[in-house]
Amino acid sequence: MSDQQHRPRFPFGRRAGLAAVGAVLLAAGGATGAIVVAETRPSATMAPIVPTAIRALSSTGIVTIRGRVVEVYGSKFVMEDTTGRALVVTGHEGDRRQLVAIGQPLIVQGRFDRGFVHAAFLVGPDRKVVALGPLAGPPHGPHGPHDGRGDGPDAPLPPRPDAAGVAATPR
């Protein structure tokens, strides 16, 4: 028997067969990558569609409020509806550019936490949406903005200094 009788034959030639195998492997890799990205991507959290009255904001959570801008302070603004006022924080995006104007009707979707609405989306009267950040907000804990030092509005008062002016250390 000769060497040519034992070689497998490709119907379109050896190069075409290798190209087909390469294309199949490339497609399989792309599909696997798409599945991995879809499974590891954080899930989108939607804010409630029905606006909450500002007076009813009482617990930590995701909210939607509707009203008019009455005051602007850099990256923060005060929003008012018929029931009250709320301070809305826009974060770094509000430092970079003016997002709202006094008197502007607005819908804010975000997270209510510690007395502030941390905006994730601003929806203008023209229905244009400005995305500001995730609804989950910044991390809390040992490395977050409130690392257990007790520096919030409900924090205990610091210890009183003794006669020499040195603060007593808590035991």
Side-chain angles (χ1 to χ4, degrees), residues 32-171:
T32 302
I35 291 169
V36 169
V37 167
E39 292 298 320
T40 59
R41 182 180 320 162
S43 62
T45 306
M46 296 299 293
I49 294 175
V50 178
T52 303
I54 290 176
R55 179 178 291 193
L57 297 174
S58 62
S59 64
T60 300
I62 298 170
V63 296
T64 298
I65 58 175
R66 178 190 309 244
R68 289 196 176 278
V69 177
V70 292
E71 299 174 48
V72 178
Y73 304 100
S75 65
K76 300 174 183 74
F77 63 92
V78 177
M79 192 162 156
E80 180 179 61
D81 69 4
T82 58
T83 67
R85 290 181 166 201
L87 183 63
V88 179
V89 180
T90 59
H92 296 296
E93 191 66 28
D95 288 333
R96 294 186 190 119
R97 60 187 172 121
Q98 185 174 354
L99 298 170
V100 297
I102 294 176
Q104 176 183 1
L106 197 63
I107 297 172
V108 176
Q109 292 184 335
R111 180 179 42 83
F112 183 70
D113 186 26
R114 301 177 191 207
F116 302 102
V117 176
H118 299 271
F121 301 100
L122 302 177
V123 184
D126 58 354
R127 296 294 199 202
K128 182 179 177 188
V129 177
V130 177
L132 301 173
L135 284 170
H140 294 288
H143 303 290
H146 299 283
D147 59 359
R149 292 186 313 243
D151 57 356
D154 299 326
L157 295 173
R160 290 186 170 188
D162 62 10
V166 177
T169 57
R171 293 185 181 169

Inset, instruction - To the nearest 0.5 angstrom, please state how far the OG1 atom of Thr64 sits from the CZ atom of Phe112. - result: 13.5 Å

Inset, instruction - Please report the shortest heavy-atom distance between Ala86 and Leu57, naming the atom on each side. - result: CB-CD1, 4.4 Å

Inset, instruction - Of all the heavy-atom pairs spanning Arg68 and Pro105, show the shortest one and how long it is. - result: NH1-CD, 3.2 Å

Could you pull out every donor-acceptor pair under 3.5 Å between side chains of residues 93-102 and any protein atom, sequence neighbours left out?
{"from": "Glu93", "atom 1": "OE1", "to": "Arg96", "atom 2": "NH1", "distance (Å)": "3.2"}
{"from": "Glu93", "atom 1": "OE2", "to": "Arg97", "atom 2": "NE", "distance (Å)": "2.8"}
{"from": "Glu93", "atom 1": "OE2", "to": "Arg97", "atom 2": "NH2", "distance (Å)": "3.3"}
{"from": "Asp95", "atom 1": "OD1", "to": "Ser75", "atom 2": "OG", "distance (Å)": "3.3"}
{"from": "Gln98", "atom 1": "NE2", "to": "Val100", "atom 2": "O", "distance (Å)": "3.0"}

Inset, instruction - Could you check if a side-chain atom of Val108 sits within less than 4.5 angstrom of a side-chain atom of Val117, using non-hydrogen atoms only? - result: yes

Legend entry - For Arg55, side-chain hydrogen bond (donor to acceptor under 3.5 Å, both in side chains) partners two or more places apart: none

Inset, instruction - Working to the nearest 0.5 Å, report the span between CD1 of Ile54 and CE of Met79. - result: 5.5 Å

Legend entry - Pairs touching residues 81-90 that satisfy side-chain hydrogen bond (donor to acceptor under 3.5 Å, both in side chains), sequence neighbours left out: Glu71-Arg85, Glu80-Arg85, Asp81-Thr83

Legend entry - Passing candidate, side-chain contact (heavy atoms from CB on, under 4.5 Å) with Val88, options Val72, Val69, Ile65: Ile65

Inset, instruction - Under the side chain to side chain contact (heavy atoms under 4.5 Å, CB included) rule, what do Phe77 and Leu106 come out as? Steps first, then yes or no, please. - result: CA-CA 11 Å; Phe77 63 92; Leu106 197 63; 3.7 Å; yes

Legend entry - Arg111 vs Val63, side chain to side chain contact (heavy atoms under 4.5 Å, CB included): CA-CA, chis, key distance, verdict: CA-CA 6 Å; Arg111 180 179 42 83; Val63 296; over 6 Å; no

Legend entry - Rounded distance [0.5 Å steps], CZ in Arg66 versus OG1 in Thr52: 11.5 Å

Tell me which donor-acceptor pairs under 3.5 Å the side chains of residues 122-132 have, and how far apart each pair is, sequence neighbours excluded?
{"from": "Asp126", "atom 1": "OD1", "to": "Lys128", "atom 2": "N", "distance (Å)": "3.1"}

